[in-house]
**Q** 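Quick one: structure below, then a few questions.
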Amino acid sequence: LSFFAQNRDLDHGGLILEVISVLGEDLNRIKMLYLLTISDYVAVNPDRNRNDPDNFLLKLSNIFLGIMIKILQENYKEEAEREARERLDGLMSEFEPALRELYISLVGLPYTIHAEPSHMKKQLSAIKDIRQGEVVAILSPFQDYDFERYQELVVVSRGDKPGIFMVITAILANRGYDVHRAKIKTTNDGIIFDRFLIKSADEHTSSKMFNNLTEEIRQKLQGFFVD
């Protein structure tokens, strides 16, 4: 709840889908999370009345009430899905509807609600153009719900050889990256879509090092498909 209060606008089309994908739809659980967040904030901010310049408690209350009102509405999920799809269709109109639907099946509709349009375009282009034995690796900044800043690594490939996940994680481990989340999906026509949230132990990782990482993944996986 703290993350949504500080980083999201409930009027944003389809946002409730993102909320329930993280918090769930149980109203009692959401109430308890709300009270727990307030208790935690009060405990660490004893001077909250004089030292709350960002109006955190007000934002928290507003997001909580907004979530509760939306969940209590009839057919709220269907309406939110419609809003989210309309937003994605508008932002990614250059891609065919079938490709947009495939993309939703790979990343989930809640992901598209606040993902950077430029990042989604790169991912959609990779899915659209990938050929047998080819590999595309895309690295983008990403802030998760724990407020930590990660790099989102998306690897798109096309092939039927097992062991891709092992190759990628070995490269990440050798370069000192921690994997905080990983999702591996394969489409019916053989496109492999691997998504990782990673973080380097070295806080001063440069853009050149990021480029080297994606190039190493691309080269080793393409060699892996050939072997």
Side-chain angles (χ1 to χ4, degrees), residues 1-26 30 33 63 66-67 70-71 76-130 136-157 164-165 168-169 172 177-189 191-199 210 214 217:
L1 272 175
S2 179
F3 177 88
F4 287 111
Q6 297 180 62
N7 295 277
R8 295 292 190 263
D9 178 0
L10 202 61
D11 291 331
H12 187 96
L15 176 63
I16 192 65
L17 291 179
E18 185 185 10
V19 172
I20 65 175
S21 73
V22 178
L23 303 180
E25 297 180 78
D26 187 324
I30 293 173
L33 287 172
I63 200 80
I67 291 169
K70 281 188 177 290
I71 290 179
Y76 81 92
K77 192 181 296 185
E78 291 82 355
E79 179 64 19
E81 288 178 354
R82 182 189 62 76
E83 291 177 352
R85 286 179 184 275
E86 286 180 354
R87 176 180 178 274
L88 182 66
D89 290 346
L91 290 172
M92 303 293 136
S93 58
E94 64 199 80
F95 300 99
E96 294 293 329
L99 180 59
R100 296 197 297 263
E101 284 300 317
L102 176 61
Y103 183 64
I104 289 172
S105 73
L106 293 171
V107 301
L109 192 55
Y111 170 87
T112 70
I113 292 168
H114 268 93
E116 285 289 335
S118 60
H119 299 169
M120 291 195 289
K121 284 184 179 181
K122 288 179 182 179
Q123 295 171 18
L124 277 158
S125 294
I127 297 168
K128 175 177 175 286
D129 299 331
I130 200 74
V136 175
I138 304 166
L139 203 60
S140 308
F142 189 92
Q143 184 179 32
D144 204 21
Y145 301 110
D146 58 2
F147 291 97
E148 290 289 331
R149 295 191 177 276
Y150 300 95
Q151 291 291 318
E152 179 188 42
L153 173 65
V154 171
V155 181
V156 182
S157 56
I164 293 174
F165 181 80
I168 297 173
T169 53
L172 293 173
Y177 285 93
D178 293 326
V179 178
H180 290 259
R181 189 182 306 160
K183 289 186 178 180
I184 315 300
K185 291 197 174 183
T186 304
T187 68
N188 292 333
D189 55 352
I191 297 175
I192 303 166
F193 188 91
D194 300 341
R195 178 173 173 258
F196 302 83
L197 280 191
I198 62 175
K199 191 170 186 179
F210 288 144
T214 54
I217 290 172

**Q** Could you check whether the rings of F165 and F196 sit parallel, tilted or perpendicular, using 30° and 60° as the cut-offs?
**A**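 Because their plane-to-plane angle is under 30°, the rings of F165 and F196 count as parallel.
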**Q** Find out whether E83 and R87 are in side-chain contact, i.e. whether some heavy atom of one side chain is under 4.5 Å from a heavy atom of the other.
**A**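 Side chain of E83 against side chain of R87, heavy atoms only: no contact under 4.5 Å found.
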**Q** To the nearest 0.5 Å, what is the distance between OG1 (T112) and CG (L109)?
**A**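 Rounded to the nearest 0.5 Å, the OG1-CG separation comes out at 4.5 Å.
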**Q** Side chains of P97 and R100, heavy atoms from C-beta outward: is any pair under 4.5 Å?
**A**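 In contact.
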**Q** Mind checking side-chain contact (heavy atoms from CB on, under 4.5 Å) for K199 and listing every partner two or more places apart, or none if nothing turns up?
**A**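 For K199, the residues satisfying side-chain contact (heavy atoms from CB on, under 4.5 Å) (neighbours in sequence not counted) are E148, Y150, H180.
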**Q** Report yes if the side chains of F193 and K183 come closer than 4.5 Å at any heavy-atom pair, otherwise no.
**A**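 A side-chain contact is absent here, since even the closest heavy-atom pair is not under 4.5 Å.
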**Q** Evaluate the side-chain proximity of F142 to R195: yes if any heavy-atom separation is below 4.5 Å, no if none is.
**A**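 Sidechains of F142 and R195: in contact.
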**Q** Under 4.5 Å between any side-chain heavy atoms of I71 and I30, yes or no?
**A**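 In short, these two side chains touch, coming nearer than 4.5 Å.
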**Q** Is the shortest side-chain heavy-atom distance between I217 and L153 below 4.5 Å?
**A**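 In contact.
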**Q** Ion pair present between R181 and E152, side-chain N to carboxylate O less than 4.0 angstrom?
**A**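 Looking at E152 together with R181, the answer is no, because their closest N to O distance does not fall below 4.0 Å.
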**Q** If we only count heavy atoms from C-beta on, is the I104 to E101 side-chain gap below 4.5 Å?
**A**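 Yes, close enough: below the 4.5 Å cut-off.
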**Q** I'd like to check F147 versus S2 (side-chain heavy atoms, cut-off strictly below 4.5 Å). Are they in contact?
**A**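 Yes, close enough: below the 4.5 Å cut-off.
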